[in-house]
Amino acid sequence: MMKSNEYSEEKILYIIGLIGISCMAIFLLILSVLNINISDINIPCAILEKTGYYCPGCGGTRAVKALLHGDILSSLKYHPLVLYIVIVFGAFMILNTISLIFKRDFSGMRVKTSLLLSMPVIIVIQFMIKNLLLIIWNIRII
């Protein structure tokens, strides 16, 4: 049994998650107060501009914007990793919060290696598909 003053990896990740959620909420609140529309924020990809080909991260910002506007399909099209992270992170945070509230210990969702290793696989697959569509059929996703 773990002592109360020891921190497991999951507990540390949970605390980091709470800090991240808080920072995101503050950021969105600041944007709201300053009357800045998140759709107006546009960060161009230097690799796409210089080479004409998508980088592995291309579409990430648009995927986040689409998700914040509730457009799940567009988010998935722009960059599937964003939706994957939201689902896995959301499940981790919700299950561990429920565990803490009702069991009064930290025995919720564990971080599994397979969940982490699937992220680079998603990045490589979407990178290849986007660029193959562009090279072979001249179809631009972004």
Side-chain angles (χ1 to χ4, degrees), residues 1-135 137 139-142:
M1 190 91 190
M2 201 173 16
K3 295 178 186 173
S4 61
N5 62 350
E6 292 181 8
Y7 287 97
S8 68
E9 182 177 299
E10 282 79 16
K11 196 168 200 175
I12 292 168
L13 289 174
Y14 180 77
I15 292 168
I16 291 170
L18 288 176
I19 292 168
I21 290 170
S22 301
C23 290
M24 180 59 78
I26 291 168
F27 175 71
L28 292 173
L29 181 65
I30 290 170
L31 289 179
S32 177
V33 168
L34 296 176
N35 201 22
I36 298 173
N37 188 345
I38 195 144
S39 298
D40 296 337
I41 300 171
N42 195 10
I43 304 168
C45 175
I47 293 173
L48 180 62
E49 286 183 352
K50 298 289 182 198
T51 66
Y53 298 109
Y54 299 113
C55 78
C58 268
T61 304
R62 290 180 183 169
V64 170
K65 288 180 192 179
L67 204 54
L68 288 173
H69 287 285
D71 190 353
I72 294 171
L73 291 177
S74 289
S75 177
L76 194 59
K77 177 184 82 171
Y78 289 135
H79 206 301
L81 186 64
V82 171
L83 186 59
Y84 177 82
I85 289 172
V86 167
I87 291 169
V88 171
F89 174 73
F92 176 81
M93 294 303 290
I94 290 168
L95 292 173
N96 282 309
T97 299
I98 291 169
S99 175
L100 282 171
I101 291 171
F102 293 109
K103 296 180 184 175
R104 303 211 190 287
D105 70 351
F106 205 83
S107 59
M109 181 178 170
R110 300 286 180 227
V111 176
K112 296 194 174 27
T113 305
S114 59
L115 292 174
L116 298 176
L117 291 178
S118 60
M119 293 188 333
V121 171
I122 292 170
I123 291 171
V124 169
I125 290 171
Q126 70 85 30
F127 170 72
M128 290 172 51
I129 289 171
K130 284 180 185 174
N131 282 306
L132 285 174
L133 287 171
L134 179 62
I135 293 167
W137 294 287
I139 298 173
R140 289 200 166 270
I141 300 290
I142 300 174

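Given the structure is predicted, the values throughout are model-derived calculations rather than measurements.
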If you define the side chain from C-beta out and look only at heavy atoms, does anything of [X] sit under 4.5 Å from [Y]?
X	Y	result
I139	L134	no
M119	I85	yes
Y84	S118	yes
L48	R140	yes
L115	F92	no

How long is the span from the [atom1] atom in [X] to the [atom2] atom in [Y], to the nearest 0.5 Å?
X	Y	atom1	atom2	result
K50	C45	NZ	SG	11.5 Å
S99	E10	OG	CD	11.0 Å
L83	I122	CG	CD1	9.5 Å
L13	M93	CG	CE	9.5 Å

Within the side chain of [X], is there an N or O that forms a donor-acceptor pair under 3.5 Å with the backbone of [Y]?
X	Y	answer
H79	I123	no
Y54	I129	no
Q126	P56	yes
K130	C58	yes
N131	Y53	no

Verify whether one side chain among T61 and Y78 offers a donor that lies under 3.5 Å from an acceptor in the other.
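Absent: no donor and acceptor within the cut-off.
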Tell me which donor-acceptor pairs under 3.5 Å the side chains of residues 16-33 have, and how far apart each pair is, sequence neighbours excluded?
unit_1	atom_1	unit_2	atom_2	d
S22	OG	L18	O	2.8

For [X], look at atom [atom1] and say whether over 12 heavy atoms of other residues, nucleotides or ligands are found less than 6.0 Å away.
X	atom1	result
M128	CE	no
L73	CG	no
F89	CZ	yes

Of the non-hydrogen atoms in S75 and A66, which two are nearest, and what is the gap between them?
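What the structure gives for the nearest pair is N-CB, 3.6 Å.
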